[in-house]
Amino acid sequence: MRTPKKGITLAFAVAAALAGTVATSSPASAASSPIAICGGGSYHVIDQFDLESATAYLLYNGTYNCVVTVKKTTGTTTYVAAMIRIQGSAGYTTDGGRYQFYAGPVKVKAPGKCIEWGGVSPEVYFLSEPVHCG
């Protein structure tokens, strides 16, 4: 079940708390699609969630799950985050910051395992229950 929560303060707190493993990356720039952001190839979108001013996407290529949070309006920097983990693991792999275009990609190798994924925008945060098992 998806449970969006509103509130910028809560979103920042959740993103900070879930940053068990922070993925370091250079500042995000414009990309043509979530597939391109994840690296292209055989990635395809298997789920998405509307975060009001952004959309969180979950992609899969047969081996790796990838999450990106893409802003709907660009031109200003706002806080966005993308996060993912294998169910039951200690912390989320997270990329969050003040970006102009998108957060992520964050990836886990999880064939045959359930994953938990999510995204954060200034208005909403989203964390899934364990999904896409197997």
Review item, side-chain donor-acceptor pairs of residues 106-115, under 3.5 Å, at least two apart:
| residue | atom | partner | partner atom | Å |
| --- | --- | --- | --- | --- |
| Lys107 | NZ | Cys38 | O | 2.7 |

> Of the non-hydrogen atoms in Val80 and Ala54, which two are nearest, and what is the gap between them?
Replying inline: CG1-CB, 4.5 Å

> Please, which pairs that meet salt bridge (charged side-chain N to carboxylate O under 4.0 Å, His left out) have at least one residue in residues 60-69, sequence neighbours excluded?
Replying inline: none

> Taking all atoms of both residues into account, what is the closest heavy-atom pair of Tyr102 and Ile37, and its distance?
Replying inline: CE1-CG2, 3.4 Å

>> Show every salt bridge (charged side-chain N to carboxylate O under 4.0 Å, His left out) that has at least one partner inside residues 74-89, sequence neighbours left out.
In response: Arg85-Glu116

>> For Trp117, run the ring pair (Phe, Tyr, Trp, His ring centres under 6.0 Å) check against Phe126, Tyr92, Tyr60 and tell me which one passes.
In response: Phe126

> Is the shortest heavy-atom distance from the side chain of Asp95 to the side chain of Met83 under 4.5 Å?
Replying inline: no

> Any sub-3.5 Å donor-acceptor pair from Thr69's side-chain atoms to Ala81's backbone N or O?
Replying inline: yes

> If you measure from CZ on Phe49 to OH on Tyr125, what distance do you get to the nearest 0.5 Å?
Replying inline: 11.0 Å

>> Is there a side-chain contact between Lys72 and Thr55 in this structure, where contact means two heavy atoms from C-beta onward sitting under 4.5 Å apart?
In response: yes

> What do the steps show when you test Ile35 against Leu59 for side chain to side chain contact (heavy atoms under 4.5 Å, CB included), and what is the final call?
Replying inline: CA-CA 7 Å; Ile35 293 168; Leu59 298 90; 3.7 Å; yes

> Side-chain contact, heavy-atom cut-off 4.5 Å: Ile46 with Asn65?
Replying inline: yes

>> Within the 4.5 Å heavy-atom criterion, are Ile84 and Leu58 side-chain neighbours or not?
In response: yes

> Heavy-atom distance under 4.5 Å between the side chains of Asp47 and His132, does that happen here?
Replying inline: yes

>> Could you check whether any side-chain heavy atom of Val70 comes within less than 4.5 Å of a side-chain heavy atom of Phe101, counting everything from C-beta outward?
In response: no

> Got Tyr57 and Val67 here, is their nearest side-chain heavy-atom distance under 4.5 Å?
Replying inline: no

>> Between Lys71 and Tyr99 (side chain of the first, backbone of the second, donor and acceptor by atom type, cut-off under 3.5 Å), is there such a pair?
In response: yes

